[in-house]
**Q** 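What follows is a single structure, and I will ask about it in a moment.
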Amino acid sequence: ALQSLAVITLLPSWMLGSGDAEPTSGGQFVLDFLNSRPRPLANNPVDVVDVRDIAGAMVSAVYEGRAGEPYVVSAHHVSQWDLVQTLAHVTGAPLSAQRVSVATVSDAPAGKTRTAVVKAADELPILYCPLQETLYDAVRWYQIHQPQRIAGQARPVLMGAEFMDR
């Protein structure tokens with residue numbers, strides 16, 4: 001006898017956070033900042049989510065999700081520039097990015113709107129980590145588990161957890 005399997009699809013936005021050993025593009029973004037590798041940044045927005053939020057969304061989807069439904073999971077809609085400024089705040093490191101207009105970045109989607117997350121927000125109980133906490137934990141993870149990926153002179157002193165509202 002054939003049995004059906006309830007499939008629920010989670011579609012995360014750009015994931016950031018601790019444990020990114022490869023690294024993915026999100027982890028490489030953090031490492032580039034830590035290693036003062038300047039990159040041109042547009043003020044165009046990106047949608048980001050903590051890897052732990054995705055794990056929580058998976059558990060929520062098992063109990064609250066509807067079979068056959070896709071759920072877009074995203075916590076923060078920020079510009080690339082704001083993301084780098086937040087990294088600078090979290091680490092105490094100087095900005096190493098060059099701000100450019102969207103018109104000079106060939107692959108930047110002009111006028112990107114917020115990723116539609118209404119269904120996930122309405123149907124799945126997800127508690128999102130603050131962006132500062134996500135970036136703090138990503139940096140701290142690299143410092144502890146992969147310090148060789150951070151150049152000697154670029155090892156930032158983290159501001160400490162007291163700046164975060166927990």
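Residue numbers start at 1 and run along the sequence shown. Just the heavy atoms: all of them, side chains too, but no hydrogens, waters or symmetry mates, feed the values below.
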**Q** Using the rule that two of Ile, Leu, Val, Met, Phe, Trp, Tyr join whenever any of their side-chain heavy atoms come within less than 4.5 Å, decide whether Val48 and Val72 are in one cluster.
**A**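 No; tracing contacts between hydrophobic side chains, which count when under 4.5 Å, never links both residues.
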**Q** Through direct or indirect side-chain contacts below 4.5 angstrom among Ile, Leu, Val, Met, Phe, Trp and Tyr, which residues connect to Tyr63?
**A**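 When side chains under 4.5 Å apart are linked, the cluster holding Tyr63 also contains Val59, Val62.
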**Q** Honestly curious: do Leu31 and Val46 fall in one hydrophobic cluster under the side-chain, below-4.5 Å linking rule?
**A**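 Looking at the clustering, Val46 is in the same group as Leu31.
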**Q** Begin with the C-alpha distance, continue with both residues' side-chain angles, and end with the deciding distance and a verdict on side-chain contact (heavy atoms from CB on, under 4.5 Å) for Glu133 and Asp50.
**A** CA-CA 9 Å; Glu133 182 178 336; Asp50 191 299; 5.7 Å; no
**Q** Provide the full list of salt bridge (charged side-chain N to carboxylate O under 4.0 Å, His left out) pairs with a residue in residues 66-76, sequence neighbours left out, each pair given once.
**A**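 Non-adjacent pairs meeting salt bridge (charged side-chain N to carboxylate O under 4.0 Å, His left out): Arg66-Glu69, Arg66-Glu123, Glu69-Lys119.
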**Q** To the nearest 0.5 Å, tell me how far His77 NE2 sits from Asp82 CG.
**A**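 Taking NE2 in His77 and CG in Asp82, the distance rounds to 10.5 Å.
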**Q** Could you name each residue pair satisfying side chain to side chain donor-acceptor pair (under 3.5 Å) that touches residues 15-24, not counting sequence neighbours?
**A**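 Every side chain to side chain donor-acceptor pair (under 3.5 Å) pair that includes a residue of residues 15-24, provided the two are not neighbours, is Asp20-Thr24.
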**Q** Tell me whether Leu83 shares a hydrophobic cluster with Val117, the cluster being built from Ile, Leu, Val, Met, Phe, Trp, Tyr side chains joined at under 4.5 Å.
**A**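 In one cluster with Leu83: Val117, no.
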**Q** Using salt bridge (Lys or Arg N to Asp or Glu O under 4.0 Å) as the criterion, list what pairs up with Asp53, not counting sequence neighbours.
**A**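 If we apply the salt bridge (Lys or Arg N to Asp or Glu O under 4.0 Å) test to Asp53, skipping adjacent residues, there are no hits.
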**Q** Please identify each residue that fulfils side chain to side chain contact (heavy atoms under 4.5 Å, CB included) with Thr9, with sequence neighbours left out.
**A**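 In terms of side chain to side chain contact (heavy atoms under 4.5 Å, CB included), with neighbours along the sequence ignored, Thr9 is linked to Val7, Leu11, Pro70.
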**Q** Between Leu41 and Leu16, is there a shared hydrophobic cluster once you connect ILVMFWY residues whose side-chain heavy atoms come closer than 4.5 Å?
**A**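 Yes; Leu16 is reachable from Leu41 via cluster members.
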**Q** Can you tell me how far apart CG (Asp137) and CZ (Arg52) are? Round to the nearest 0.5 Å.
**A**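 Between Asp137 CG and Arg52 CZ, I get 4.0 Å after rounding to 0.5 Å.
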**Q** Tell me whether Asn35 contacts the main-chain N or O of Ala151 through its side chain, where contact means a donor paired with an acceptor under 3.5 Å.
**A**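 The answer is yes, because a donor-acceptor pair under 3.5 Å joins these two groups.
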**Q** Is Ile54 isolated, or which residues cluster with it under the ILVMFWY side-chain rule of less than 4.5 Å, directly or via members?
**A**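 Listed partners: Ile8, Leu10, Met15, Val49, Val51, Met58, Tyr71, Val73, Leu124, Ile126, Tyr128.
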**Q** Can Val139 and Ile150 be said to form a side-chain contact (heavy atoms from CB on, under 4.5 Å), step by step?
**A** CA-CA 10 Å; Val139 170; Ile150 304 171; 5.7 Å; no
**Q** Please say whether more than 12 non-hydrogen atoms of neighbouring residues, nucleotides or ligands are located less than 6.0 Å from CD1 in Ile144.
**A**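 Above 12, so yes.
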**Q** Just by modelled atom types, is the Pro125 backbone N or O under 3.5 Å from a matching donor or acceptor in the Ser60 side chain?
**A**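 Present.
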**Q** Among all residues two or more places apart in sequence or in another chain, which pass the side-chain hydrogen bond (donor to acceptor under 3.5 Å, both in side chains) test with Ser13?
**A**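 For Ser13 the side-chain hydrogen bond (donor to acceptor under 3.5 Å, both in side chains) partners, ignoring immediate neighbours, are Ser74.
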**Q** Which atoms form the tightest heavy-atom contact between Tyr142 and Pro23, and what is the distance?
**A**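 Heavy atoms of Tyr142 and Pro23 come nearest at OH-CB, 3.3 Å.
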**Q** To the nearest 0.5 Å, what is the distance between CG on Leu34 and CD on Gln143?
**A**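 These two atoms lie 7.5 Å from each other.
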**Q** Quick one: list whatever passes ring-ring contact (aromatic ring centres under 6.0 Å, His included) with Phe29, sequence neighbours left out.
**A**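 Here the qualifying residues are Trp14.
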**Q** If the condition is side chain to side chain contact (heavy atoms under 4.5 Å, CB included), which residues does Ala21 pass it with, not counting sequence neighbours?
**A**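 Listed in chain order: Trp141, Gln146.
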